[in-house]
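Predicted, not measured: the structure shown is a model, and the values here were computed from it. Just so you know, ligand 1 is whichever comes first in the structure, and atom 1 is the first atom listed for that ligand.
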Amino acid sequence: MVSATSRKGRSGSGRAQAVESPSAAVVDDAPTVVAEPQPEPLAPNQTNEATESSSAIGNGPAVPLDIYPSSGLEVDTMAEADLKENGFRSTRRTKLICTIGPSSCSAEQLENLAIGGMNVARLNMCHGTHEWHRQVIRNVKKLNKEKGFSMAVMMDTEGSEVHMGDLGGPGKAEDGDMWTFTVRNSKADKTIQVNYDGFVDDVMVGDEIVVDGGMVRFMIEERNGPDVVARCIDPGLLLPRANLTFWRQGNLIRERNSMLPTISSKDWLDIDFGIAEGVDFIAVSFVKTPDVLKHLRSYIESRARDRKINVIAKIESRDSLKNLEDIITVSDGAMVARGDLGAQVPLEQVPSIQKDVVHLCRSLNKPVIVASQLLESMIEYPTPTRAEVADISEAVRQRADALMLSGESAVGRYPEKALGVLRTVSQRIERWCREEKHHETLRLPELSTILNERISEQICNSAAQMANRLEADAIFVYTRRGKMASLLSRNRPDCPIFAFTDNPSIRQRLNLYWGLIPFRLSFSEDMEINLQRTFALLLKRGMMKSGEVVIVVSDITQVNEADLRQSIQIRKLPSLESLS
Ligand SMILES: Nc1ncnc2c1ncn2[C@@H]1O[C@H](COP(=O)(O)OP(=O)(O)OP(=O)(O)O)[C@@H](O)[C@H]1O
Ligand SMILES: CC(=O)C(=O)O
Ligand SMILES: [K+]
Ligand SMILES: [Mg+2]
């Protein structure tokens, strides 16, 4: 068993730094159709194949600066036209999330990540002040508004994790050194403050204290009131706020925070902050039961009436594994948080848990994120290890919705390069899977027993199947709440899915789903008008060509349950002249 000997992966110890304050925004008229800028721009004479073969892992793409739509759909620069003409069939299906930290928080760094393909910016509330997080969120929103991106923001709660205090910088524990762990407020030498009062009662002489899942280990020699004295048996770096687990004879003795609330009082303040700042996702750390997610959801509904926030269940504790299906069912998505998970279960179990969670999420129609240590070595080095590339490939082959960078983008030396690796590897493996059918096939059970929902489901399953058989160029879905878009994504079709919605908040949240390219479009009640308009806009912007075949489904004409109007259309894009 490899338990608790692994690192959780806190290789950085950077502190939050000031973010540039946004200057006054000059915003153009809202465009009718806003496509997320595709992050794989090509030079005008490049073909897609040429780009793939010339883009070495780790090299960021060469980005023409005029790819941004400056005034809606009429932007028609050579670069943009070329990008869309050559690029859309091989668009990346796997979505990318970057944790933002000192290495990535300035407006310029965020813009570079946006260009590099970041779909979601993650903020870990374990670190930084509200003021710091506010600046990051505002910078992301400003980029979206001014430059046509549609990055979503995910807030990740601290949760009641047991962690050490701040030693005032990284400390080093040497072999055989005696250290005091205490619940007192102490700054004494070789003394570590523990944030969980109950820990002194939980442990016994002979137990082990494991820092960050194995970065450093101590053996307890003495208990003394509020203090526990322990000898270092595995030396290493003690990073600020590193997490702590307690082990007895190879077993986790106190499933970390099992007695503590999943959402602490500090978390509720952070959640209020997230609601006020308009985040798109809240990821809940150390979820143990479905109830906590239900509670959070009703809280969000009462506080953020006009804007929905999706709740993501982080699977990172033994408790979450016990209630996996119930937790995922009530969530809006899940994250396989391999860092903490690997500190709570034997490491050799993490890959199979990952696969199970990814498959379960897809069968329940919830987006799933694979997180932690995907490119750990790139915190310090500009190229990945072969093993890291293989790990990413496996997650892509499992067809997870999203991959996430943690320390690599938050405190690492090469955030853009790490993102570049995620992007190139995902694209390459996706193409290989498509061309040679190397992906895992999965039987998708029926989700609903309600007739109208069953119909939507069947329409999407059939549309995806038709698209594959007919080798359609794209699937179009017109959706108000995103439901049909998610059902199409669940099928993982061979062609990209263009999801048109009139709701900007839905558009942001669709960012997390595999294979969806979200667009904002104002809808007409008449589907034919919507279609003609979309065709014209896409043709004009050079995103599609006349003669390309699309499969069209929609849920926007459905007014109520009695009025059932569902169909699948197969359309060929007309010429632009015939539309005007
Ligand atoms: N806002 C921030 N300010 C400073 N450092 C940060 C910030 N966000 C992340 N970091 C650093 O990046 C490292 C990795 O980040 P991340 O937030 O993914 O940690 P994690 O331990 O995997 O997540 P979690 O705490 O949710 O388990 C952290 O150890 C921390 O040092
Ligand atoms: C991302 C996270 O929380 C973890 O891996 O533990
Ligand atoms: K967290
Ligand atoms: Mg965690």
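In this structure, Phe199 and Phe246 have parallel ring planes: the angle between them is below the 30° cut-off, well short of the 60° mark. Using a 30° and 60° split on the angle between ring planes, Trp179 and Phe218 fall in the perpendicular class, above 60°.
Counting heavy atoms under 4.0 Å from ligand 2, residue Arg338 touches it through the backbone alone. Counting heavy atoms closer than 4.0 Å to ligand 2, residue Ser372 contributes side-chain atoms (C-beta onward) but none from N, CA, C or O. Of the heavy atoms in Gln344, none comes closer than 4.0 Å to ligand 2.
The backbone N or O of Phe273 sits nowhere less than 3.5 Å from a side-chain atom of Glu277 that would complete a donor-acceptor pair. At distances below 3.5 Å, not a single donor-acceptor pair connects side-chain atoms of Asp207 with backbone N or O atoms of Ile220.
With respect to the K ion (ligand 3), Asp156 has OD1 as its nearest N, O or S atom. The atom of Glu316 that is an N, O or S and sits closest to the Mg ion (ligand 4) is OE1. Within Asp340, the N, O or S atom lying nearest to the Mg ion (ligand 4) carries the name OD2.
Short contacts between ligand 2 and Gly339, defined as distances under 4.0 Å to a heavy atom of the residue, involve ligand atoms 4 (C), 5 (O), 6 (O). Per-residue contacts place Lys314 under 4.0 angstrom from the following atoms of ligand 2 (heavy atoms of the residue considered): 2 (C), 3 (O). Listed by atom number, the atoms of ligand 2 under 4.0 Å from Arg122 heavy atoms are 1 (C). Residue Ala337 has at least one heavy-atom neighbour below 4.0 Å for each of these atoms of ligand 2: 1 (C), 2 (C), 3 (O), 4 (C), 5 (O), 6 (O).
Contact of the Leu96 side chain with the Ser426 side chain is registered, since non-hydrogen atoms from C-beta on lie closer than 4.5 Å.
Residues passing the ring pair (Phe, Tyr, Trp, His ring centres under 6.0 Å) test with His359, sequence neighbours excluded: none.
Among the backbone and side-chain atoms of Asn124, an N/O/S atom is found under 3.4 Å from the K ion (ligand 3).
Polar contact check, Asp156 against ligand 2: no nitrogen or oxygen pair lies under 3.5 Å apart.
Residue pairs satisfying the ring-ring contact (aromatic ring centres under 6.0 Å, His included) criterion with at least one member in residues 402-432, sequence neighbours excluded, are listed as follows: Trp432-His438.
When each of Asp280, Asn310, Asp332 is checked for a side-chain hydrogen bond (donor to acceptor under 3.5 Å, both in side chains) with Arg509, only Asn310 meets the rule.
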